[in-house]
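A note on names: the letters A, B, ... follow the listed sequences, proteins ahead of strands, and every chain is numbered from 1. As the structure is a computational prediction, the values presented were derived from the model and not from experiment.
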Amino acid sequence: MLTKVQWLYCLDEMERMFPDAHCELVHDNPFELLVATLLSAQCTDVLVNKVTKNLFQKYKKPEDYLAVSIEELQTDIRSIGLYRNKAKNIQALSKQLIELYDGEVPPNRDLLTTFPGVGRKTANVVVSVAFDIPAIAVDTHVERVSKRLGLCRWKDSVLQVEETLMKKTPMELWSKTHHQLIFFGRYHCKAQNPNCPECPLLSVCREGKKRMNKIVAQ
DNA sequence: CTCCCGATAT
DNA sequence: ATATCAGGAG
């Protein structure tokens, strides 16, 4: 397991690697971020941005998503994948926003998770990015990197990973650390072929040292 | 646990 | 051909 000192070393190195890590989902307001994040499930943000570029010109407010048929909305987001669920969720979410929140996205994680298609990860992204509320959204990259490093156990749930990250990271760094973990996972510690030989975190990484030993043994 | 699902990288 | 992508719901 990583010690507190080793984790703080990782934070320092990731700051060197990705000093300007940020949310890469293009958006102009909390509602657009909510829709973009919902669309991003099991899909790259590059593809989400390609779709939302047109989508956000056509649909500005929750009412706009309810003014079209489900089939039309499906067609507008089809290239994203999982488009039937996502179209249904966007319309149901829009309806709930209008009826209960006057069309405004509530800046509260627990309220956000009551929306259809919005789980803890999506809610954490919205409160953190749109409202500057400290949170650590655990997506596939954050989970993989945390487990490879040995910050948490392989069997841990995403909620346990999030709790460990919050416990071991100073709260004022939560949002920045969250984005740096994503950049690190996306561009360096990739799911396929992680670049361990050139990794600044190799000296403290459980999985990295294991992989390097395998290479040396051959 | 399974299902939803198209686009892209390997 | 297969793995993976800013997951969530049943």
Side-chain angles (χ1 to χ4, degrees), chain A residues 14 18 20-27 30-56 70-71 73-97 105 109-131 133-148 154-162 165-166 174-196 207 211:
Chain A
M14 286 194 292
F18 306 107
D20 54 359
H22 61 283
C23 177
E24 296 197 302
L25 293 170
V26 176
H27 63 282
F31 180 57
E32 286 190 353
L33 178 63
L34 179 58
V35 173
T37 311
L38 189 151
L39 290 174
S40 71
Q42 293 294 293
C43 175
T44 61
D45 57 340
V46 173
L47 200 52
V48 172
N49 290 336
K50 204 176 292 182
V51 166
T52 55
K53 184 178 182 183
N54 299 320
L55 195 73
F56 292 162
I70 186 75
E71 291 81 8
L73 184 53
Q74 282 177 9
T75 302
D76 288 336
I77 66 171
R78 202 180 64 83
S79 59
I80 287 291
L82 308 181
Y83 60 90
R84 274 182 267 261
N85 285 336
K86 288 173 182 176
K88 179 158 57 71
N89 286 332
I90 288 173
Q91 287 196 326
L93 168 155
S94 296
K95 189 177 179 189
Q96 189 170 329
L97 259 183
V105 177
R109 189 187 61 205
D110 294 328
L111 288 179
L112 283 169
T113 53
T114 69
F115 286 77
V118 179
R120 190 178 178 92
K121 178 257 162 183
T122 299
N124 274 331
V125 169
V126 172
V127 296
S128 163
V129 174
F131 300 113
I133 297 171
I136 300 179
V138 178
D139 71 343
T140 181
H141 298 297
V142 176
E143 180 180 11
R144 182 181 65 254
V145 169
S146 299
K147 291 183 176 180
R148 278 182 177 167
W154 284 105
K155 305 292 287 184
D156 283 352
S157 66
V158 287
L159 183 58
Q160 286 175 308
V161 175
E162 181 183 330
L165 280 166
M166 290 192 293
W174 285 3
S175 292
K176 174 177 270 189
T177 298
H178 154 66
H179 287 113
Q180 286 174 340
L181 279 169
I182 287 175
F183 271 57
F184 179 62
R186 184 180 293 160
Y187 302 117
H188 191 97
C189 190
K190 293 182 280 192
Q192 301 163 316
N193 301 324
N195 190 2
C196 299
E207 183 68 14
R211 285 170 182 265

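How far OG1 of A:T140 is from CD1 of A:I182: 10.0 Å, rounded to the nearest 0.5 Å. A:T122 OG1 to A:L112 CG: the interatomic distance, rounded to the nearest 0.5 Å, is 9.5 Å.
Partner of A:V118 under the side-chain contact (heavy atoms from CB on, under 4.5 Å) criterion, out of A:L111, A:L34, A:V125: A:L34 alone. The residue from A:D139, A:L25, A:V35, A:D45 that alone fulfils the side-chain contact (heavy atoms from CB on, under 4.5 Å) condition with A:S40 is A:L25.
Between B:dT2 and C:dA3, the distance separating the two P atoms is 15 Å to the nearest Å. A distance of about 14 Å separates the P atoms of C:dG10 and B:dC5, rounded to the whole Å. For the P atoms, the distance from B:dC3 to C:dA6 is 24 Å, rounded to whole Å. Atom name P, nucleotides C:dT4 and B:dC1: the rounded distance is 16 Å, in whole Å.
For A:H188 and A:F183, the ring centers are positioned 6.0 Å apart or more.
A close approach under 4.0 Å does not occur between any side-chain nitrogen or oxygen of A:R84 and OP1 or OP2 of B:dC3. Dashed line: the shortest gap from a side-chain N or O of A:R186 to OP1 or OP2 of C:dA6 is under 4.0 Å. One finds a side-chain N or O of A:T122 lying less than 4.0 angstrom from the OP1 or OP2 phosphate oxygen of C:dG8. The phosphate of B:dT8 has neither OP1 nor OP2 within less than 4.0 Å of any side-chain N or O from A:K190.
Distances from the side chain of A:Q42 to the nucleotides B:dC5, B:dG6, C:dA6 place B:dC5 closest. Of the candidates C:dT4, B:dG6, C:dG7, C:dT4 carries the atom nearest the A:A191 side chain, counting heavy atoms from C-beta on. Here the side chain of A:Q192 is nearest to one of B:dC5, C:dC5, B:dT10, namely B:dT10. Between C:dA6, B:dT8, B:dC5, one nucleotide has an atom nearer to the side chain of A:L82 than all others, and that is B:dC5. For A:K121, counting side-chain heavy atoms from C-beta on, the closest listed nucleotide (B:dA7, C:dG8, B:dC4) is C:dG8.
Along DNA chain C, the nucleotide closest to A:T140 and the one closest to A:G117 are compared, and the more 5′ of them pairs with A:T140. The 5' end of DNA chain C is approached more closely, in terms of each residue's nearest nucleotide, by A:C43 than by the other of A:C43 and A:V118.
For the pair A:L38 and A:P116, the tightest heavy-atom approach, listed with the atom from each and the gap, is CD1-O, 4.0 Å.
Rounded to an integer number of Å, the gap from A:D76 CG to B:dC5 P is 16 Å. Going from atom CG of A:L159 over to atom P of C:dG8 covers 12 Å, rounded to whole Å. Rounded to whole angstrom, the span from the CD atom of A:E143 across to the C1' atom of C:dT4 amounts to 13 Å. In this structure, A:H179 places its NE2 atom 9 Å from C1' of C:dA6, rounding to the nearest Å. We find that CG of A:L39 is positioned 13 Å from P of B:dC5, with the value rounded to whole Å. Atom P of nucleotide C:dG7 and atom NE2 of A:H141 are separated by 7 Å, given to the nearest angstrom. When rounded to the nearest whole Å, the span between NZ of A:K86 and P of B:dC5 equals 9 Å. Taking atom CG of residue A:L112 and atom C1' of nucleotide C:dA9, one finds them 17 Å apart after rounding to whole Å.
Residue A:F183 is out of contact with every strand shown, counting any heavy-atom pair closer than 4.0 Å. In this structure, A:S79 reaches the sugar-phosphate backbone alone: every heavy-atom distance under 4.0 Å involves primed, P, OP1 or OP2 atoms, never a base. Nucleic acid contact for A:L38: none, since no nucleic acid atom lies under 4.0 Å from a heavy atom of the residue. A:A137 comes within contact range of no nucleotide atom at all, as no heavy-atom separation falls under 4.0 Å. Within the 4.0 angstrom heavy-atom criterion, only backbone atoms of the sugar-phosphate kind lie near A:N193; the bases stay farther away. Residue contacts shown for A:K50 are limited to sugar-phosphate atoms, with no base heavy atom under 4.0 Å away.
Enclosure of atom NZ in A:K147 by more than 12 non-hydrogen atoms of other residues, nucleotides or ligands within 6.0 angstrom is indicated.
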